[in-house]
Amino acid sequence: MANRSKKTVLSVRVSGYAKSCLDVLAAIEQKSLPETIEGLLEQAFDRKSVAPPAFIRQDRLTKQGEPRILLGELMRAVWTDDQELFKLRLHLLEPAALNDRDQVVTGTVFKNLEIFAGDDDLFDKKARELVVESPAIPKLSLSLVRIYWPLLSDYARFLANNSLNLSFPDYVDMLRKSGELDEIFEVL
């Protein structure tokens, strides 16, 4: 039996026809409906090719026509259930794959390396099979990034809702002066 704690809920509306097709396929394959849907999605990811994002090894790209990479191969290499790390990886590889707020959060981390630099590699051995080594990929203090993630998210919300264009250190300073900053962030 699958470990449900590792699963996430996806709620979608489909036509009656599509639902019937899924039900029939699940019955024929003697699988549950979620197993059937997940299998179909995996097949689609392994057939769908995308333009290669930054830092992808050239020897892993298709040779015919424009360079492409299979979405499934890319995601298996860079996905992690550590959402902060996954978003940081996506920012380096394909920032457009992030929503606006996550682009601001991850961009803020990379723009403030004087705060967030550290010894942690963003790409593990599995990801390195696909992602090149590059001095343009900084090492971060992932523990510090995780501590600051809620504050970084607040900063992104602040920028979205205000016409002020404050840097992250200035935002932190503003919060500190107003007494709204927790002691945990006194490192800045």
Side-chain angles (χ1 to χ4, degrees), residues 3-12 38 41-42 44-46 48-57 60-61 67-162 164-172 175 181-182 184-185 187-188:
N3 181 353
R4 293 187 58 85
S5 67
K6 295 287 184 182
K7 300 287 182 171
T8 187
V9 174
L10 173 66
S11 178
V12 297
E38 192 166 358
L41 288 171
E42 288 289 335
F45 301 150
D46 285 338
K48 178 65 178 171
S49 66
V50 297
F55 302 112
I56 298 299
R57 292 171 40 137
R60 299 301 292 265
L61 304 178
R68 307 286 284 177
I69 188 163
L70 294 175
L71 179 61
E73 180 182 12
L74 175 65
M75 291 300 294
R76 280 188 293 278
V78 301
W79 187 83
T80 172
D81 57 6
D82 178 339
Q83 286 300 292
E84 291 89 357
L85 177 57
F86 179 59
K87 290 173 183 179
L88 290 164
R89 288 175 175 181
L90 276 182
H91 181 92
L92 290 172
L93 297 174
E94 189 63 63
L98 296 166
N99 65 38
D100 290 344
R101 182 174 298 158
D102 288 336
Q103 284 183 26
V104 171
V105 169
T106 55
T108 300
V109 169
F110 291 115
K111 287 177 190 164
N112 291 278
L113 292 176
E114 69 280 0
I115 299 169
F116 297 109
D119 296 325
D120 298 318
D121 285 316
L122 293 178
F123 296 99
D124 57 13
K125 184 178 178 181
K126 178 178 75 166
R128 284 287 175 207
E129 294 173 8
L130 195 64
V131 178
V132 297
E133 294 275 347
S134 171
I137 300 175
K139 291 186 176 193
L140 298 176
S141 170
L142 291 175
S143 60
L144 193 60
V145 169
R146 286 185 190 100
I147 289 169
Y148 277 86
W149 200 267
L151 185 61
L152 289 159
S153 295
D154 290 345
Y155 172 64
R157 266 190 297 283
F158 174 83
L159 291 179
N161 296 325
N162 293 282
L164 295 172
N165 191 11
L166 290 177
S167 67
F168 182 66
D170 288 343
Y171 173 75
V172 171
L175 292 179
L181 192 65
D182 292 336
I184 194 170
F185 301 112
V187 113
L188 286 177

Holding to side-chain hydrogen bond (donor to acceptor under 3.5 Å, both in side chains), I want the full list of residues that pass it with [X], two or more places apart in sequence or in another chain.
X: Thr108; answer: none
X: Ser167; answer: Asp170
X: Asp120; answer: none
X: Glu42; answer: none

Working to the nearest 0.5 angstrom, can you tell me the gap between [X] [atom1] and [Y] [atom2]?
X: Leu142; Y: Asp119; atom1: CG; atom2: CG; result: 10.5 Å
X: Ile137; Y: Phe55; atom1: CD1; atom2: CZ; result: 4.5 Å
X: Leu93; Y: Leu88; atom1: CG; atom2: CG; result: 11.0 Å
X: Glu84; Y: Leu152; atom1: CD; atom2: CG; result: 10.0 Å
X: Leu71; Y: Phe45; atom1: CG; atom2: CZ; result: 6.5 Å

Mind checking salt bridge (charged side-chain N to carboxylate O under 4.0 Å, His left out) for Asp81 and listing every partner two or more places apart, or none if nothing turns up?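 Only Lys6 meet the salt bridge (charged side-chain N to carboxylate O under 4.0 Å, His left out) criterion with Asp81.
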Do [X] and [Y] come close enough that some side-chain heavy atom pair is under 4.5 Å?
X: Phe86; Y: Val78; result: yes
X: Ile115; Y: Val109; result: no
X: Leu151; Y: Leu175; result: yes
X: Val50; Y: Glu94; result: no

Give every donor-acceptor pair under 3.5 Å between a side-chain atom in residues 95-104 and any protein atom, sequence neighbours left out.
residue, atom, partner, partner atom, Å
Asn99, OD1, Arg101, N, 3.1
Asn99, OD1, Asp102, N, 2.7
Asn99, ND2, Asp102, OD2, 3.4
Asp102, OD2, Lys87, NZ, 3.2
Gln103, NE2, Pro95, O, 3.1
Gln103, NE2, Leu98, O, 3.0

Do any pairs count as a side-chain hydrogen bond (donor to acceptor under 3.5 Å, both in side chains) and have a residue in residues 109-118, sequence neighbours left out, and if so which ones?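 Found none.
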Suppose we screen for ring pair (Phe, Tyr, Trp, His ring centres under 6.0 Å). Which residues come up paired with Phe110, at least two apart in sequence or across chains?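 Residues passing ring pair (Phe, Tyr, Trp, His ring centres under 6.0 Å) with Phe110: His91.
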Can you list everything that forms a ring pair (Phe, Tyr, Trp, His ring centres under 6.0 Å) with Tyr155? Sequence neighbours excluded, please.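 In terms of ring pair (Phe, Tyr, Trp, His ring centres under 6.0 Å), with neighbours along the sequence ignored, Tyr155 is linked to Phe168, Tyr171.
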Could you pull out the closest heavy-atom pair between Arg68 and Ala51, with the gap in Å?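 Shortest heavy-atom separation between Arg68 and Ala51 comes out as NH1-N, 3.3 Å.
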Listed by chain and number, what are the side chain to side chain contact (heavy atoms under 4.5 Å, CB included) partners of Leu61, not counting sequence neighbours?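 Side chain to side chain contact (heavy atoms under 4.5 Å, CB included) check on Leu61 returns Pro52, Ile56, Gln58, Pro67, Ile69.
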Applying side chain to side chain contact (heavy atoms under 4.5 Å, CB included), name anything that partners Ser153, two or more places apart in sequence or on another chain.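 Counting only residues at least two positions away or on another chain, Ser153 forms a side chain to side chain contact (heavy atoms under 4.5 Å, CB included) with Val105, Trp149, Arg157.
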Distance-only donor-acceptor pairs under 3.5 Å for side chains of residues 122-135, two or more places apart:
residue, atom, partner, partner atom, Å
Asp124, OD1, Lys126, N, 3.4
Asp124, OD1, Ala127, N, 2.9
Lys126, NZ, Arg76, O, 3.0
Arg128, NE, Glu133, OE2, 3.3
Arg128, NH1, Val132, O, 2.6
Ser134, OG, Ala136, N, 3.0

Asn165 CG: over 12 foreign heavy atoms closer than 6.0 Å: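 Incorrect, the count does not exceed 12.
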